[in-house]
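Data block below; observations after.
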Number of protein chains: 2
Amino acid sequence: MSPSKSRTDALMAGEELSSAAQRERRKRIVDATIALASKGGFDAVQMRAVADRADVALGTLYRYFPSKVHLLVSSLGVELERAQEKMDRATVPGDSPYERVLFVLGRITRGLQRNPHLTEAMTRAFTFADASAGAEVDRVAWLMESMFTRAMSDEEPTDEQKAIARVIGDVWLSNLVAWVTRRATATDVANRLELTVRLLLK
Amino acid sequence: MSPSKSRTDALMAGEELSSAAQRERRKRIVDATIALASKGGFDAVQMRAVADRADVALGTLYRYFPSKVHLLVSSLGVELERAQEKMDRATVPGDSPYERVLFVLGRITRGLQRNPHLTEAMTRAFTFADASAGAEVDRVAWLMESMFTRAMSDEEPTDEQKAIARVIGDVWLSNLVAWVTRRATATDVANRLELTVRLLLK
DNA sequence: GCTAGAATTAGAACACGTTCTATAAACTCC
DNA sequence: GGAGTTTATAGAACGTGTTCTAATTCTAGC
């Protein structure tokens with residue numbers, strides 16, 4: 001049992017999938033998840049539907065991702081990485097950390113708001129995650145924070161900068177949740193983020 | 001249908017329950033929810049179990065609270081009100097808004113950490129809520145913010161104070177989520193909150 | 001190639017949130 | 001105090017996340 005278990009862990013983390021076939025299966029699953037989430041949000045990501053669309057048996061889906069939350073949070077990680085890569089290719093404009101952080105924040109936020117269902121699905125999965133998905137959640141949280149610290153300066157971030165990035169991430173997430181549940185408009189979100197960044201960085 | 005619907009809305013909001021029997025039923029339901037949540041967290045709050053324990057039929061439970069999330073968020077509101085009342089009876093010590101906010105924050109946080117399962121249940125319900133529970137969620141968010149603005153000063157809060165209270169609430173919630181999912185220790189939470197309040201109020 | 005173990009498949013089975021149905025009890029208004 | 005309406009009850013039924021089973025296909029090492 002022990003060797004099989006460590007193999008499964010590797011599948012979950014997505015590292016070093018033994019065969020090309022497995023890497024492809026995993027990709028098909030994530031793609032199916034993103035497609036379904038984009039169309040109908042959290043509720044539309046039904047495990048049977050994901051399995052069908054990825055052309056994989058239900059049992060296989062569960063072997064790769066042990067729950068719907070794992071699946072969605074992992075997919076969010078994939079999406080964030082893509083966004084980060086795009087961001088890396090262009091220099092962030094702005095003369096101060098304040099301006100640069102605002103720029104990055106505005107850009108990601110607009111990106112998310114362009115795909116409300118997907119955002120709803122991932123946000124809800126992220127905040128609903130329980131301890132068992134801790135690793136995946138941590139990874140996403142880390143990706144988010146490093147987006148902001150990178151915008152603040154090119155150097156290794158100071159502790160203070162890390163703390164600020166974390167606060168911004170927290171506020172960002174909770175505004176996203178408010179937007180997703182229609183308790184805040186896109187304008188509300190933009191205003192609150194700007195206000196927060198001003199309080200912290202100006 | 002229209003009169004029956006507005007009646008149901010009143011039940012949900014908990015205002016003006018026509019008869020004493022109904023007010024008692026509602027209380028039994030909330031109490032059962034809190035008891036079950038305290039014992040086993042979100043997963044232990046099973047609708048059939050709540051109904052059994054409150055000595056109410058499943059259909060009745062759903063007539064009072066249209067979903068598990070409504071039920072838990074409403075119960076969180078009840079709990080927060082109790083905490084606020086307690087807080088109101090004692091004067092908050094501290095010479096500056098900084099100190100007073102930290103005091104309030106520390107006190108509520110310690111209170112929540114004393115009952116981890118209950119906190120887990122309510123936090124997860126709160127962040128998992130969808131648009132249909134918007135009203136309940138808003139009420140809780142407002143209760144949280146007003147706790148902090150009250151600590152900052154006795155007067156009507158300024159816009160800036162409201163903004164700060166909101167940011168603190170956001171950070172607080174997201175740290176609670178991290179703690180509940182065991183991605184942060186109680187000490188982490190305390191440190192991060194103090195750091196946040198310092199960044200904002202000092 | 002052959003065999004043991006691992007991975008995959010199709011589909012049944014189970015758990016819990018939610019909805020529905022039929023009946024009984026409680027309330028309202030005359 | 002009776003007719004009509006609303007509310008409550010017991011329990012079946014349904015949907016979707018998750019687990020389990022039995023059979024099949026793949027893969028690695030000989």
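A, B, ... follow the sequence lines: proteins, then strands. Residue 1 opens every chain.
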Open item on the list: How close do B:L72 and B:A121 get, counting heavy atoms only, and between which atoms?
Closed with: CD1-O, 4.1 Å
[X] [atom1] - [N] [atom2] separation (whole Å):
X     : N      : atom1 : atom2 : value
B:E24 : D:dA8  : CD    : C1'   : 15 Å
B:D43 : D:dG17 : CG    : P     : 15 Å
B:R26 : D:dA8  : CZ    : P     : 13 Å
B:I29 : D:dT9  : CD1   : C1'   : 13 Å
B:Q46 : C:dT18 : CD    : C1'   : 14 Å
A:L58 : C:dA12 : CG    : C1'   : 11 Å
B:R25 : D:dT6  : CZ    : P     : 17 Å
A:M47 : C:dA10 : CE    : P     : 16 Å

Open item on the list: Using OP1 and OP2 only, check whether a side-chain N or O of A:Y64 sits under 4.0 Å from C:dA7.
Closed with: no
Open item on the list: Please determine whether a side-chain nitrogen or oxygen atom of B:Q22 lies at a distance below 4.0 Å from atom OP1 or OP2 of D:dA8.
Closed with: yes
TODO: Measure from the ring center of A:F128 to the ring center of B:F42 and say whether it is less than 6.0 Å.
DONE: yes
Task: Upstream residue (5' side of DNA chain D) when A:Y62 and B:V56 are each assigned their closest nucleotide - done: B:V56
Task: Atom CG of B:D154 with >12 non-hydrogen neighbours under 6.0 angstrom - done: no
Task: Nucleotide of D:dT18, C:dG17, C:dA10 approaching B:K68 most closely (side-chain heavy atoms) - done: C:dG17
Task: Closest listed nucleotide, where the reference is the side chain of A:R48 and the choices are D:dG17, D:dT7, D:dA12 - done: D:dG17
Open item on the list: Both A:L61 and B:V69 contact DNA chain C. Which one's nearest nucleotide lies toward the 5' end?
Closed with: A:L61
Task: Polar side-chain contact B:R63-D:dT9 base: donor and acceptor under 3.5 Å - done: no
Open item on the list: If you apply the rule salt bridge (Lys or Arg N to Asp or Glu O under 4.0 Å), what do you find for B:D52 with B:R48, and how did you get there?
Closed with: CA-CA 6 Å; B:D52 270 10; B:R48 290 171 179 86; over 6 Å; no
Task: Polar contact flag, side-chain donor to acceptor under 3.5 angstrom, B:T109-B:W172 - done: yes
